[in-house]
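Down below is the structure, laid out as structure tokens.
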Amino acid sequence: MDIGCYANDLKNHPQFWAYAALVSVCFFWGTTYLGIRMALETFPPVTLVSARFLLSGSILLLGSLLRGATIPRGQELRRAAVNGVIILGVGNGCLVFAETWIPSGLAALIITISPFWMVGLDAILPPRVKLHAPTLAGMAVGFVGAALLVGPDAIAGGAAGAAMIKGFLCLQLGCFSWSLGSLIQRRQAAEAHPVVAGAVQQVAAGLAFLPLALAAGGPIHWSTRGVSALFYLVVFGSIVGYSSYLVALSRLPVAVVSLYNYVNPVVAVILGWAFYREPFGPREAAAMLIIFAGVAYVKRADSRARAGRG
């Protein structure tokens with residue numbers, strides 16, 4: 001079979017676009033950590049969050065209206081807006097603030113433990129998925145990696161140690177919010193297409209941060225690189241990336257979609273080193289592998305537990 005026939009067969013696969021969306025998430029979301037750091041050279045954090053999501057959400061909504069898509073109304077609209085503030089506003093906003101204190105690649109590695117929040121909250125929110133010993137063991141392994149990653153700098157004290165602690169805690173708040181919003185959203189019935197719902201979420205997140213941006217955003221230091229980074233985040237981080245994430249999540253198993261959690265930090269670390277020479281040595285590499293092992297074990301244990309209940 002020649003390459004052209006193989007490509008046509010691949011494109012005609014019923015899940016082709018779902019997997020294409022996942023590949024998009026794996027790459028583009030990995031680049032957004034660098035994009036945020038570059039955009040922060042121009043925009044204050046709250047201004048960046050508000051501008052990014054207002055622009056991307058408005059573009060997506062306009063495109064949806066032009067294509068005659070169904071726009072959420074009533075309770076579904078309110079739910080989408082609230083989820084947007086929780087997932088994108090708080091979740092992504094915390095990442096933006098964290099990158100004012102710690103390197104972008106380090107932020108990406110810390111966020112890798114976010115599945116622990118997802119599993120923990122899933123055990124608390126109805127119908128409550130019980131935590132089993134293998135899941136707890138995997139979480140313990142992941143936390144050892146996080147301690148190796150963050151601990152030495154935090155213990156060292158001084159300005160660098162304080163920045164590390166603030167960045168780590170801020171990212172934990174963001175992971176908690178992203179996981180909480182995602183679980184709530186998963187439990188809610190929706191008629192609108194995932195991309196349309198994502199557009200509403202982005203507009204809601206941008207509007208939520210707009211008063212803060214106007215009241216206490218701070219000065220904007222205009223630069224070509226910062227503005228270009230903002231538009232990159234709008235197009236590839238929000239419009240392409242987030243829409244692809246929602247499409248992949250709606251059509252592929254969660255375990256498959258979660259692969260982006262391993263690819264994103266690798267992309268972010270490479271780009272952070274290439275553009276800013278962010279530190280990445282043997283300790284960071286070892287911590288990354290330990291965290292990956294813990295997360296993989298948690299996902300495997302959780303999948304087995306769910307299969308056993310089925």
Side-chain angles (χ1 to χ4, degrees), residues 22-49 51-53 56 87-115 117 145-146 149-150 153 163-164 166-179 202 205 223 225-245 257-281 284-285 287-289 291-292 295:
L22 178 58
V23 171
S24 172
V25 172
C26 289
F27 177 72
F28 287 120
W29 268 7
T31 66
T32 56
Y33 294 91
L34 177 68
I36 289 171
R37 176 162 180 177
M38 287 184 172
L40 284 171
E41 296 175 2
T42 293
F43 302 97
V46 289
T47 304
L48 175 58
V49 174
R52 172 185 175 180
F53 290 125
S56 60
I87 298 173
L88 296 175
V90 180
N92 191 268
C94 285
L95 170 60
V96 173
F97 273 98
E99 287 202 34
T100 65
W101 296 310
I102 62 177
S104 60
L106 179 60
L109 290 176
I110 293 174
I111 285 180
T112 307
I113 66 174
S114 62
W117 282 106
L149 183 66
V150 177
D153 291 329
M164 177 66 74
K166 288 189 290 186
F168 179 80
L169 293 177
C170 189
L171 287 173
Q172 295 317 298
L173 174 59
C175 290
F176 166 81
S177 186
W178 183 283
S179 300
Q202 291 178 44
S223 70
R225 186 159 86 162
V227 173
S228 299
L230 169 61
F231 282 105
Y232 181 89
L233 292 171
V234 167
V235 175
F236 296 102
S238 298
I239 296 177
V240 176
Y242 192 60
S243 298
S244 296
Y245 171 72
V257 177
S258 65
L259 289 174
Y260 82 88
N261 201 57
Y262 302 98
V263 180
N264 286 172
V266 175
V267 174
V269 165
I270 292 173
L271 293 178
W273 178 86
F275 283 84
Y276 286 98
R277 288 298 185 266
E278 293 179 354
F280 186 78
E284 289 81 6
M288 179 178 71
L289 293 176
I291 292 173
F292 282 1
V295 171

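In this structure, T32 OG1 and F27 CZ are separated by 10.5 Å, a value rounded to the nearest 0.5 Å. The CG atom of N92 sits 11.5 Å away from the CD1 atom of I87 when rounded to the nearest 0.5 Å. To the nearest 0.5 Å, atoms CG (L106) and OH (Y33) are separated by 11.5 Å. Atom CG of L95 and atom CD1 of I110 lie 10.5 Å apart (nearest 0.5 Å). The distance from atom CG of L271 to atom OH of Y276, rounded to the nearest 0.5 Å, is 11.0 Å.
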Cut-off 3.5 Å, no hydrogens considered: what does the side-chain donor-acceptor table look like for residues 168-175, sequence neighbours left out?
| from | atom 1 | to | atom 2 | distance (Å) |
| --- | --- | --- | --- | --- |
| Q172 | OE1 | W117 | NE1 | 2.9 |

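A donor and an acceptor atom, one from each side chain of Y232 and T31, are located under 3.5 Å apart.
Summarising the geometry of F53 relative to S238, their closest heavy-atom pair is CE2-OG, 3.6 Å, with the distance given to 0.1 Å. For S177 against V90, the heavy-atom pair with the smallest separation is OG-CB, 3.2 Å. Looking at every heavy atom in both residues, C26 comes nearest to N264 through O-ND2, 2.7 Å. Of all heavy-atom pairs spanning A229 and M38, the tightest one is CB-CB, 3.7 Å. Here the shortest heavy-atom pairing between F275 and L34 reads CD1-CD2, 3.4 Å. Of all heavy-atom pairs between V269 and G105, the closest is CG2-O, 3.9 Å.
Scanning for salt bridge (charged side-chain N to carboxylate O under 4.0 Å, His left out) contacts around E278 gives R37, with sequence neighbours left out.
A salt bridge (charged side-chain N to carboxylate O under 4.0 Å, His left out) check over residues 90-105, counting only residues at least two apart or in different chains, returns nothing.
Side chain of T100 to backbone of V96: no donor-acceptor contact under 3.5 angstrom is found. W178 contributes no side-chain N or O that, together with a main-chain N or O of L88, makes up a donor-acceptor pair within less than 3.5 Å.
Applying the 6.0 Å contact sphere to CZ of F231 captures no more than 12 heavy atoms from other residues, nucleotides or ligands.
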